[in-house]
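Worksheet for the structure shown next.
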Amino acid sequence: MPLTLAIDCAMRWINLGLGEGDTFLGCESIHSGAKQGDVLPVVVGEFISRFGRDLSDVERIAITVGPGYYTGIRVGLSYATALAESLGANVVPMTTLHAMAYGFFATPLLVVPVVKARTGAVYAAAYHAGAQLLEETFLDVAHLIERIAPLSVAKSETVFLGEDAERFPEIAHYGAPMLHASHFVGHNMIAAAREISAVDPTEIRALYLRNPD
(Lines give C-alpha, C1' and ligand atoms only; values in the text may rest on other atoms or scores of the structure.)
Protein backbone atom coordinates (compact mmCIF):
# COMPACT_ATOMS: atom_id res chain seq x y z
CA MET A 1 0.00 0.00 0.00
CA PRO A 2 1.25 3.53 -0.77
CA LEU A 3 3.09 5.32 2.02
CA THR A 4 2.08 8.98 2.43
CA LEU A 5 4.23 11.52 4.28
CA ALA A 6 2.64 14.79 5.42
CA ILE A 7 4.71 17.93 5.97
CA ASP A 8 3.57 21.33 7.23
CA CYS A 9 5.94 24.19 8.03
CA ALA A 10 3.61 27.17 7.54
CA MET A 11 3.04 27.98 11.23
CA ARG A 12 6.59 28.01 12.73
CA TRP A 13 6.09 24.39 13.67
CA ILE A 14 7.17 21.28 11.82
CA ASN A 15 4.07 19.12 11.66
CA LEU A 16 4.51 15.62 10.27
CA GLY A 17 2.19 12.71 9.59
CA LEU A 18 2.56 9.23 8.13
CA GLY A 19 -0.04 6.92 6.65
CA GLU A 20 -0.06 3.68 4.71
CA GLY A 21 -3.09 3.16 2.52
CA ASP A 22 -6.10 3.79 4.76
CA THR A 23 -4.06 3.26 7.93
CA PHE A 24 -2.82 6.22 9.97
CA LEU A 25 0.60 5.41 11.43
CA GLY A 26 1.36 8.49 13.50
CA CYS A 27 2.16 12.19 13.66
CA GLU A 28 4.54 14.60 15.35
CA SER A 29 4.65 18.33 16.04
CA ILE A 30 7.93 20.15 16.71
CA HIS A 31 8.19 23.83 17.61
CA SER A 32 11.22 24.75 15.53
CA GLY A 33 10.83 28.53 15.16
CA ALA A 34 13.17 29.95 12.54
CA LYS A 35 15.29 26.78 12.36
CA GLN A 36 12.91 24.79 10.16
CA GLY A 37 15.26 24.76 7.18
CA ASP A 38 18.14 23.44 9.27
CA VAL A 39 16.32 20.64 11.06
CA LEU A 40 13.56 19.56 8.65
CA PRO A 41 15.51 16.84 6.77
CA VAL A 42 16.79 15.38 10.03
CA VAL A 43 13.45 15.28 11.84
CA VAL A 44 11.68 13.81 8.79
CA GLY A 45 14.23 10.99 8.58
CA GLU A 46 14.00 10.28 12.30
CA PHE A 47 10.20 10.42 12.22
CA ILE A 48 9.85 7.89 9.40
CA SER A 49 12.44 5.54 10.90
CA ARG A 50 10.40 5.25 14.10
CA PHE A 51 7.79 3.34 12.10
CA GLY A 52 10.31 1.01 10.52
CA ARG A 53 10.09 2.82 7.20
CA ASP A 54 12.61 4.60 5.00
CA LEU A 55 12.31 7.73 2.87
CA SER A 56 12.62 5.53 -0.19
CA ASP A 57 9.27 3.92 0.78
CA VAL A 58 7.36 7.20 0.40
CA GLU A 59 5.11 7.36 -2.68
CA ARG A 60 3.08 10.48 -1.91
CA ILE A 61 3.91 13.66 -0.01
CA ALA A 62 1.12 15.85 1.39
CA ILE A 63 2.25 19.45 1.82
CA THR A 64 0.64 22.69 2.97
CA VAL A 65 1.05 25.47 0.40
CA GLY A 66 0.01 28.36 2.69
CA PRO A 67 -1.16 30.80 3.76
CA GLY A 68 1.12 31.25 6.73
CA TYR A 69 4.64 32.42 7.54
CA TYR A 70 6.62 33.09 4.36
CA THR A 71 9.84 31.41 5.37
CA GLY A 72 8.07 28.32 6.64
CA ILE A 73 6.02 27.96 3.46
CA ARG A 74 9.15 28.24 1.31
CA VAL A 75 11.06 25.75 3.47
CA GLY A 76 8.28 23.19 3.41
CA LEU A 77 7.54 23.49 -0.29
CA SER A 78 11.20 23.44 -1.33
CA TYR A 79 11.95 20.35 0.73
CA ALA A 80 8.77 18.47 -0.17
CA THR A 81 9.02 19.08 -3.92
CA ALA A 82 12.75 18.29 -4.04
CA LEU A 83 12.16 15.09 -2.06
CA ALA A 84 9.25 14.12 -4.28
CA GLU A 85 11.30 14.64 -7.44
CA SER A 86 14.18 12.57 -6.06
CA LEU A 87 11.82 9.74 -5.10
CA GLY A 88 9.60 9.92 -8.16
CA ALA A 89 6.69 10.61 -5.80
CA ASN A 90 3.59 12.70 -6.36
CA VAL A 91 2.58 15.62 -4.16
CA VAL A 92 -0.79 16.30 -2.53
CA PRO A 93 -1.20 20.06 -1.98
CA MET A 94 -3.62 21.56 0.53
CA THR A 95 -4.01 24.91 2.21
CA THR A 96 -2.77 25.40 5.76
CA LEU A 97 -6.26 26.36 6.92
CA HIS A 98 -7.83 23.25 5.38
CA ALA A 99 -5.22 21.09 7.11
CA MET A 100 -5.98 22.74 10.45
CA ALA A 101 -9.75 22.36 10.15
CA TYR A 102 -10.18 19.00 8.42
CA GLY A 103 -10.62 16.94 11.58
CA PHE A 104 -13.72 18.96 12.49
CA PHE A 105 -15.53 18.57 9.17
CA ALA A 106 -17.73 15.78 10.54
CA THR A 107 -18.90 17.91 13.49
CA PRO A 108 -21.71 20.51 13.66
CA LEU A 109 -19.21 23.22 14.67
CA LEU A 110 -18.38 26.35 12.74
CA VAL A 111 -14.58 25.96 12.51
CA VAL A 112 -12.41 29.05 12.02
CA PRO A 113 -8.68 28.35 11.56
CA VAL A 114 -6.49 31.41 12.10
CA VAL A 115 -2.84 32.18 11.34
CA LYS A 116 -1.29 35.52 12.27
CA ALA A 117 -0.38 37.65 9.25
CA ARG A 118 0.79 40.92 10.82
CA THR A 119 -0.29 43.29 13.59
CA GLY A 120 -4.08 43.20 13.75
CA ALA A 121 -4.49 40.92 10.73
CA VAL A 122 -4.81 37.20 10.08
CA TYR A 123 -5.19 34.56 7.43
CA ALA A 124 -8.47 32.79 8.09
CA ALA A 125 -11.25 30.65 6.66
CA ALA A 126 -14.49 29.16 7.98
CA TYR A 127 -15.96 25.68 7.54
CA HIS A 128 -19.19 24.02 8.62
CA ALA A 129 -19.89 20.31 8.19
CA GLY A 130 -17.14 20.13 5.57
CA ALA A 131 -18.49 23.05 3.53
CA GLN A 132 -16.30 26.11 3.18
CA LEU A 133 -18.34 29.19 4.15
CA LEU A 134 -15.42 31.64 4.07
CA GLU A 135 -12.62 31.12 1.59
CA GLU A 136 -9.00 31.57 2.60
CA THR A 137 -8.55 35.28 3.06
CA PHE A 138 -6.30 37.96 4.52
CA LEU A 139 -8.16 40.49 6.70
CA ASP A 140 -8.02 42.29 10.01
CA VAL A 141 -9.47 40.55 13.04
CA ALA A 142 -12.36 42.99 13.48
CA HIS A 143 -13.57 42.20 9.97
CA LEU A 144 -13.12 38.48 10.58
CA ILE A 145 -15.44 38.66 13.58
CA GLU A 146 -17.98 40.57 11.48
CA ARG A 147 -17.79 37.93 8.74
CA ILE A 148 -18.25 34.89 10.96
CA ALA A 149 -20.82 36.23 13.44
CA PRO A 150 -23.79 35.67 11.07
CA LEU A 151 -22.59 32.14 10.18
CA SER A 152 -23.33 30.57 13.59
CA VAL A 153 -26.49 30.70 15.71
CA ALA A 154 -24.54 30.48 18.98
CA LYS A 155 -20.96 31.29 19.87
CA SER A 156 -20.75 27.93 21.63
CA GLU A 157 -21.09 26.36 18.17
CA THR A 158 -17.96 28.12 16.93
CA VAL A 159 -14.33 27.14 17.55
CA PHE A 160 -11.19 29.06 16.59
CA LEU A 161 -8.19 26.94 15.69
CA GLY A 162 -4.52 27.85 15.98
CA GLU A 163 -2.11 29.12 18.56
CA ASP A 164 -2.21 32.56 16.92
CA ALA A 165 -5.89 33.04 17.79
CA GLU A 166 -4.86 33.66 21.39
CA ARG A 167 -2.83 36.71 20.35
CA PHE A 168 -5.92 38.75 19.50
CA PRO A 169 -8.17 40.21 22.23
CA GLU A 170 -11.04 40.53 19.72
CA ILE A 171 -11.09 36.76 19.28
CA ALA A 172 -10.89 36.13 23.02
CA HIS A 173 -13.73 38.59 23.64
CA TYR A 174 -15.90 36.85 21.06
CA GLY A 175 -16.39 34.11 23.63
CA ALA A 176 -15.89 31.01 21.46
CA PRO A 177 -13.45 28.23 22.41
CA MET A 178 -9.89 28.40 21.04
CA LEU A 179 -7.86 25.28 20.37
CA HIS A 180 -4.21 24.81 19.46
CA ALA A 181 -4.00 23.02 16.13
CA SER A 182 -0.39 21.96 15.57
CA HIS A 183 -0.57 18.65 17.42
CA PHE A 184 -3.25 17.26 15.10
CA VAL A 185 -2.31 18.86 11.76
CA GLY A 186 -0.23 15.84 10.68
CA HIS A 187 -3.16 13.51 11.37
CA ASN A 188 -5.56 15.78 9.48
CA MET A 189 -3.27 15.97 6.48
CA ILE A 190 -2.99 12.20 6.15
CA ALA A 191 -6.78 11.87 6.27
CA ALA A 192 -7.41 14.78 3.91
CA ALA A 193 -4.82 13.52 1.41
CA ARG A 194 -7.08 10.53 0.66
CA GLU A 195 -9.60 12.95 -0.86
CA ILE A 196 -7.22 15.21 -2.80
CA SER A 197 -5.71 14.36 -6.17
CA ALA A 198 -1.95 14.08 -6.25
CA VAL A 199 -0.02 16.16 -8.78
CA ASP A 200 3.49 16.35 -10.16
CA PRO A 201 5.80 18.35 -7.86
CA THR A 202 6.47 20.86 -10.65
CA GLU A 203 2.81 21.94 -10.46
CA ILE A 204 2.91 23.05 -6.82
CA ARG A 205 2.52 26.76 -6.12
CA ALA A 206 2.54 28.64 -2.82
CA LEU A 207 -0.57 30.44 -1.57
CA TYR A 208 0.62 33.62 0.14
CA LEU A 209 -2.54 35.81 -0.15
CA ARG A 210 -0.46 38.97 0.32
CA ASN A 211 2.98 40.35 -0.43
CA PRO A 212 5.66 40.30 2.28
CA ASP A 213 6.12 43.45 4.38
Side-chain angles (χ1 to χ4, degrees), residues 8-15 29 31 33-34 36 62-77 93-189 191-192 195-196 204-213:
D8 165 65
C9 295
M11 297 178 286
R12 292 183 177 166
W13 291 72
I14 294 175
N15 298 309
S29 184
H31 192 272
Q36 288 167 317
I63 180 69
T64 50
V65 298
Y69 294 98
Y70 285 88
T71 300
I73 294 171
R74 289 195 298 269
V75 167
L77 285 180
M94 65 186 75
T95 71
T96 312
L97 303 174
H98 182 93
M100 294 168 68
Y102 182 84
F104 293 85
F105 284 2
T107 75
L109 295 171
L110 176 69
V111 186
V112 186
V114 171
V115 178
K116 184 180 182 296
R118 66 184 184 197
T119 302
V122 294
Y123 305 112
Y127 305 85
H128 180 262
Q132 189 165 10
L133 304 184
L134 175 65
E135 292 188 0
E136 290 85 355
T137 186
F138 163 69
L139 75 176
D140 63 63
V141 177
H143 285 136
L144 172 63
I145 298 299
E146 291 177 2
R147 296 283 297 273
I148 67 168
L151 302 179
S152 180
V153 175
K155 293 177 182 177
S156 61
E157 298 173 352
T158 301
V159 60
F160 289 91
L161 298 179
E163 291 78 353
D164 286 348
E166 297 177 352
R167 300 186 180 199
F168 297 95
E170 299 94 332
I171 294 178
H173 293 159
Y174 188 73
M178 293 181 286
L179 298 177
H180 285 202
S182 294
H183 63 282
F184 52 74
V185 165
H187 180 279
N188 285 357
M189 292 178 69
E195 303 175 1
I196 301 173
I204 301 297
R205 298 292 183 272
L207 176 67
Y208 291 120
L209 291 184
R210 72 179 185 92
N211 294 324
D213 295 329

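All figures in this text were calculated on a predicted structure; none of them were measured in a lab. Numbering of residues begins at 1 and proceeds along the displayed sequence.
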key: Glu157 side chain to Pro108 backbone, donor-acceptor under 3.5 Å   = no
inquiry  = Using 0.5 Å steps for rounding, measure from the CG atom of Leu110 to the CZ atom of Phe104.
reply    = 12.0 Å
task = Look only at the side chain of His143 and the backbone of Leu139, and say whether a donor-acceptor pair between them is shorter than 3.5 Å.
result = no
note = d(Tyr174 OH, Phe160 CZ) to nearest 0.5 Å is 6.0 Å
ask   = Backbone N or O of Pro67 within a donor-acceptor pair of the Thr96 side chain at under 3.5 Å?
value = yes
Side chains of Phe138 and Val122 in contact at under 4.5 Å (non-hydrogen atoms) = no
query = Checking Arg210 side chain against Ala117 main chain: does a donor-acceptor pair fall under 3.5 Å?
reply = yes
ask   = Is there side-chain contact between Glu163 and Ser182, with at least one heavy-atom pair below 4.5 Å?
value = yes
task = Using atom types as modelled and distance alone, determine if a side-chain donor or acceptor of Asn15 lies under 3.5 Å from a backbone N or O of Val185.
result = no
task = Measure the acute angle between the ring planes of His98 and Phe105, then classify it against the limits of 30° and 60° as parallel, tilted or perpendicular.
result = perpendicular
request  = Check the pair Asp164 / Tyr69 against side chain to side chain donor-acceptor pair (under 3.5 Å), numbers first and verdict last.
outcome  = CA-CA 12 Å; Asp164 286 348; Tyr69 294 98; 3.0 Å; yes
request  = Using the side chain to side chain contact (heavy atoms under 4.5 Å, CB included) rule, take His128 and Leu109 through it: C-alpha gap first, then chi angles, then the decisive distance, then the call.
outcome  = CA-CA 6 Å; His128 180 262; Leu109 295 171; over 6 Å; no
